[in-house]
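As structure tokens, the structure follows; a few thoughts come after it.
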Amino acid sequence: MLAPSDAHLWCVCPLAGHSLATGQYHTTEPLLIPPAASDSDAAREGTCAHWAAELLLLGQVDRPRDLVGQRHANGWVVDEEMAHHTAAYVEYVRSFGPVAATERTIELWGLIRGKLDVTSTADSIFTVRVFDLKYGWKPVEARHNWAMLCYGIAAAEGRDLDIELHIYQPRPHHPEGPARVWHIPAAEVPRWAEWLRLAAQECVDASHAVTGDHCRKCPAAVSCYANASTCYSAAGAVQETRMHDHTPEQLAAELRFLEQVEKLVSDRRKAVEAEAMARIERGKIIPGYVIEPRKGNRRFTVDAERVRLMFGPAAVKEVLRTPAELEREGISEDLIAKVTERPTVGRKLSDDPQAYAEKMFGKARG
Ligand code: SF4
């Protein structure tokens, strides 16, 4: 069965879906999930934010401030910022009506099964709504969010209803604000459902692989021949002695190509490194490689007062909080803008002249 939470992979690459559903893609070792996935700080923090929102939605906690200091089973503790953001999310969800479900199992066509741990509000006669709180910093869009599409189509249960898929992401700046919505009119729902069913069905046959940006998050990347081959073919060596003077267009094209290759190779290296480290940690030998601790910069093991006493007042400096930290604590962006600037610290080549022009001269009115 395919998981909706992996839909960003299997909707694009049938081979990824097949590997994830069967776990048999890796032939010599069990399929490994790169260590970044479930126990990273970001993942634990996100799980904790979901849990805090659910406590509020279900009325198990009355006031947002009662959440502060509560600890999720994964060890992450709710702080004031998280309590504030989850309260805003709950208010947003409730503005559409009473909450109908916070957790239920969904299944589509015997191909997709998962837990609807997003939230839906009681359906209106015209619309079924599904909500998801995203707590990370990388902006997430609602439109073409395949996991949400799975949940929305399952929640609609074949009824002739519009579907609204809501992403609420309070932390990163987004031009549309913290809430984004993908609205699918009832007339378009059958087409999207069929598209999703076909994408899932293709994973059964694993008829082909599709490489691209999504490979970075694919647990099967290390053993995937398509991924390795794409990566290696970008680095083929040519022994050629003629010189060549680039035209401006050729320079631009080559820069774009090199950026892609750099990203491809870097993503593959991360996948292979994660696999090698996981094997070494399980006691396997990878010739020529060991795991050694990475050391950070030196830091004092005594407090600032002790350092001041030992080395004099010049050893301790007062440090200003960053504008971003103050904004996160709720200080007005406009106020901070009055006393901040963005200094130029160097120059870089940009492949987005329009964005640069907008930064310099403001957006053209359309
Ligand atoms: S690494 Fe990329 S091409 Fe290979 S299975 Fe995963 S998503 Fe598909």
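Ligands are counted one by one from 1 in listed order, and the atoms in each one are counted from 1 as well.
Pairing each heavy atom of Phe131 with each of Met148, the nearest pair is C-CE, 4.1 Å. Scanning both residues, Gly136 and Pro172, for their nearest heavy atoms gives O-CD, 3.5 Å.
Classified by interplanar angle (parallel below 30°, tilted 30° to 60°, perpendicular above 60°), the ring pair Tyr168/Tyr89 is tilted. Ring planes of Trp51 and His72: perpendicular class, angle over 60° (limits at 30 and 60°).
Within a 6.0 Å radius of CZ in Arg71, no more than 12 heavy atoms belonging to other residues, nucleotides or ligands are found.
Heavy-atom proximity to His214, at under 4.0 Å, picks out these atoms of ligand 1: 7 (S). Against a heavy-atom cut-off of under 4.0 Å, Asn227 is close to the following atoms of ligand 1: 1 (S). Taking every heavy atom of Cys215 and a limit of under 4.0 angstrom, the matching atoms of ligand 1 come to 1 (S), 2 (Fe), 3 (S), 7 (S).
Neither the backbone nor the side chain of Val12 comes within 4.0 Å of ligand 1, counting heavy atoms alone.
The nearest N, O or S atom of Cys13 is not closer to atom 4 (Fe) of ligand 1 than 2.8 Å. Taking 2.8 Å as the threshold, Cys224 does not count as a candidate ligand of atom 6 (Fe) of ligand 1, since none of its N, O or S atoms lies below it.
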